[in-house]
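FYI, side chains are in, hydrogens and waters are out, and symmetry mates aren't considered; it's all heavy atoms of this structure. In this chain, residues are counted from 1 in sequence order. Remember, it's 1-based here, ligands and their atoms both numbered in the order they're listed.
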Amino acid sequence: MTKVGLVGLGYWGPNLARNFADLAELSWVCDASPDALERFRTRYPGTRTTTDYDEMLADPELDAVVVATPASTHYELAKRALEAGKHVFVEKPPATTAADAEDLLATAEANGLVLMPGHLLLYHPGVAALKRLVDTGELGEVLYLYSNRQNLGKIRADENALSSLGVHDLSVILYLLDEEPSEGWARGNSYLTPGIEDVVFCYLRFPSGKVAHMHLSWLDPQKMRRITVVGKEKMVVFDDMELERKVTIFEKGPWQPTEQYGEWQTRTGDIYSPKIPTDEPLRLECRHFLSLIAGEGDPLKAARDGLAVVRVLEQLQASLVAAPV
Ligand SMILES: NC(=O)c1ccc[n+]([C@@H]2O[C@H](COP(=O)([O-])OP(=O)(O)OC[C@H]3O[C@@H](n4cnc5c(N)ncnc54)[C@H](O)[C@@H]3O)[C@@H](O)[C@H]2O)c1
């Protein structure tokens, strides 16, 4: 059984611990805080705990490391694990600069190791349904898409809404369109922590002419987790706040009665929600990492996709900083 070590037992790490304890052997957990480890010890008595990352990496039996610490530490911790010969699952974003993400990819490749950034939404059955609708042509030509990722909280002081929230939508947008944007800009504002934007609006244009927009905020009255894709034949909304109707397809679209003289009119048909499997995306994501370690599939595809996400994030972040105040 694959032996996994997890670093980072804050808000998110325990979810990864639960899944890897079920699917593999969770042999180590590491956190800089002894209190976090203490809370953990009673729940997983067979798992070794340490505040010293190097002690965990030095275990020759350990196959893989899962990094769930703050984003600013991802590159360094993932790099050290790869250099120690461990497969790496690193929470999103895998690095804060494209150069660092490229370096991680090169290190994994040189050492024949799996590197997988944790883009959770790519494992959501609702996103898989969106991808099918786009790829099979059921929506017709995709014109544009936009995401809403808003809530009151969780307010972060170490990364802005673009990095913390936008990374999710960006991974889905690039996955759905299968291309990287030729143009991107972001505008936002810091209200709470100087230099950390709580609210960010992003615009992306792709070589195919498609356009995407993201509204990202942890300073909003409503919790929204929504992606809307507008096609020429049909339109679809993925709403992760819905319990049952996660995906709604609208048979609505523009319509020209006669090509020659026709003014644009609109067409309205059925509105329906296909059944979406209720599998836990995190479980599917952890399973995918373990299957890559077992030699199934391209061990670095997820890392290359993750690098594209970091590249676009970097471009958006640069435009955010450069924006006139
Ligand atoms: N995929 C998702 O949906 C999702 C959701 C939430 C968070 N995340 C990601 O998970 C990561 C962790 O987020 P969080 O909210 O749990 O953060 P957090 O601040 O709650 O926890 C981070 C933990 O890491 C520990 N830590 C920090 N630096 C360390 C080091 N060098 N060595 C050992 N331990 C160290 C801290 O003591 C803390 O316990 C972030 O990258 C975040 O983006 C992903």
Side-chain angles (χ1 to χ4, degrees), residues 5-20 28-41 43 47-58 62 65-81 84 86 88-97 100-101 104 115-124 126-127 147 149-151 153-172 175 193 196 200 216 218 223 225 227 240-241 280-289 302 305-306 309-310 313 317:
L6 169 73
V7 58
L9 279 174
Y11 160 70
W12 191 243
N15 296 320
L16 288 157
R18 169 174 54 81
N19 276 288
F20 282 111
W28 284 92
V29 287
C30 169
D31 198 289
S33 150
D35 289 348
L37 292 174
E38 196 47 51
R39 282 195 297 275
F40 201 81
R41 218 164 267 142
R43 203 173 327 154
T47 299
R48 277 175 285 180
T49 59
T50 182
T51 54
D52 178 2
Y53 189 51
D54 286 325
E55 186 191 3
M56 181 169 98
L57 293 185
L62 188 69
V65 167
V66 174
V67 179
T69 51
S72 57
T73 66
H74 288 176
Y75 167 70
E76 189 222 322
L77 296 179
K79 172 94 175 172
R80 280 163 64 192
K86 315 298 181 194
V88 170
F89 173 105
V90 54
E91 260 312 327
K92 50 78 192 170
T96 51
T97 68
D100 284 352
L104 288 182
L115 172 66
M116 183 176 140
H119 290 298
L120 182 64
L121 270 184
L122 298 183
Y123 299 87
H124 196 302
V127 171
S147 73
R149 191 163 296 273
Q150 294 136 244
N151 196 10
K154 177 186 185 205
I155 297 163
R156 292 188 181 267
D158 59 333
E159 55 175 339
N160 63 13
L162 171 62
S163 164
S164 178
L165 305 175
V167 66
H168 289 295
D169 297 308
L170 204 46
S171 68
V172 175
Y175 172 62
T193 308
I196 302 291
V200 179
L216 312 162
W218 55 59
K223 183 163 183 173
R225 297 283 181 262
I227 296 172
D240 209 8
M241 296 309 296
E280 186 195 4
L282 186 58
R283 173 70 54 132
L284 298 175
E285 184 181 41
C286 295
R287 221 178 247 145
H288 186 224
F289 178 56
D305 293 344
V309 172
V310 176
L313 271 182
Q317 179 62 33

Exam field: side chain Lys223 to backbone Gln150, donor-acceptor pair closer than 3.5 Å: no
Interatomic distance, Asn160 atom CG to Thr193 atom OG1 [nearest 0.5 angstrom]: 11.0 Å
Subset of ligand 1 atoms that lie under 4.0 Å from at least one heavy atom of Leu120: 1 (N), 3 (O)
Heavy atom of the protein closest to atom 1 (N) of ligand 1 (residue, atom name, distance): Glu91 OE1, 3.3 Å
Flag side-chain contact, heavy atom, 4.5 Å: Phe20 against Leu6: no
Check: Lys92 side chain, Ser164 main-chain N or O, donor-acceptor pair, under 3.5 Å: yes
Backbone or side-chain N or O of Ala32 under 3.5 Å from ligand 1 N or O: yes
Protein contact to atom 27 (C) of ligand 1 [nearest heavy atom, distance to 0.1 Å]: Pro70 CD, 3.5 Å
Proximal atoms of ligand 1 relative to His168 (non-hydrogen, under 4.0 Å): 1 (N), 2 (C), 3 (O)
Sub-4.0 Å atoms of ligand 1 with respect to non-hydrogen atoms of Gly8: 24 (O)
Protein residue, atom and distance nearest to atom 20 (O) of ligand 1, heavy-atom basis: Tyr11 N, 3.0 Å
Option of least heavy-atom distance to atom 30 (C) of ligand 1 (set: Asn15, Leu165, Leu77, Val90): Leu77
N or O pair under 3.5 Å between Thr73 and ligand 1: no
Proximity of Leu9 to ligand 1 by residue part, where a heavy atom lies under 4.0 Å: backbone
Whether His288 and Tyr123 hold their rings parallel, tilted or perpendicular, with breakpoints at 30° and 60°: tilted
Spacing of CG belonging to Asn151 relative to CZ belonging to Arg225, to within rounding of 0.5 Å: 5.5 Å
Glu76 CD to Thr69 OG1 distance, which is reported to the nearest 0.5 Å: 9.0 Å
Residue and atom name of the nearest protein heavy atom (relative to atom 42 (C) of ligand 1), distance in Å to one decimal: Lys92 NZ, 4.0 Å
Residues that Thr50 engages under side-chain contact (heavy atoms from CB on, under 4.5 Å), provided they are two or more places apart: Trp28, Cys30, Asp52, Glu55, Met56
Atom 12 (C) of ligand 1 [closest protein heavy-atom partner, distance rounded to 0.1 Å]: Ala68 O, 3.2 Å
Nearest protein heavy atom with distance in Å, relative to atom 26 (N) of ligand 1: Thr69 CG2, 3.7 Å
Listed partners of Asp240 passing salt bridge (Lys or Arg N to Asp or Glu O under 4.0 Å), at least two apart: Lys246
Contact partition for His74 relative to ligand 1, non-hydrogen atoms under 4.0 Å: side chain
Non-hydrogen side-chain atoms of Arg149 and Leu121 separated by less than 4.5 Å: yes
Top protein contact for atom 38 (C) of ligand 1, by heavy-atom distance: Asp31 OD2, 3.5 Å
Nearest non-hydrogen protein atom, atom 32 (N) of ligand 1: Val7 CG2, 4.0 Å
Winner among Glu159, Glu285, Arg156, Glu76 once heavy atoms are compared against atom 15 (O) of ligand 1: Arg156
Side-chain donor/acceptor of Glu285 to backbone N/O of His119, under 3.5 Å: yes
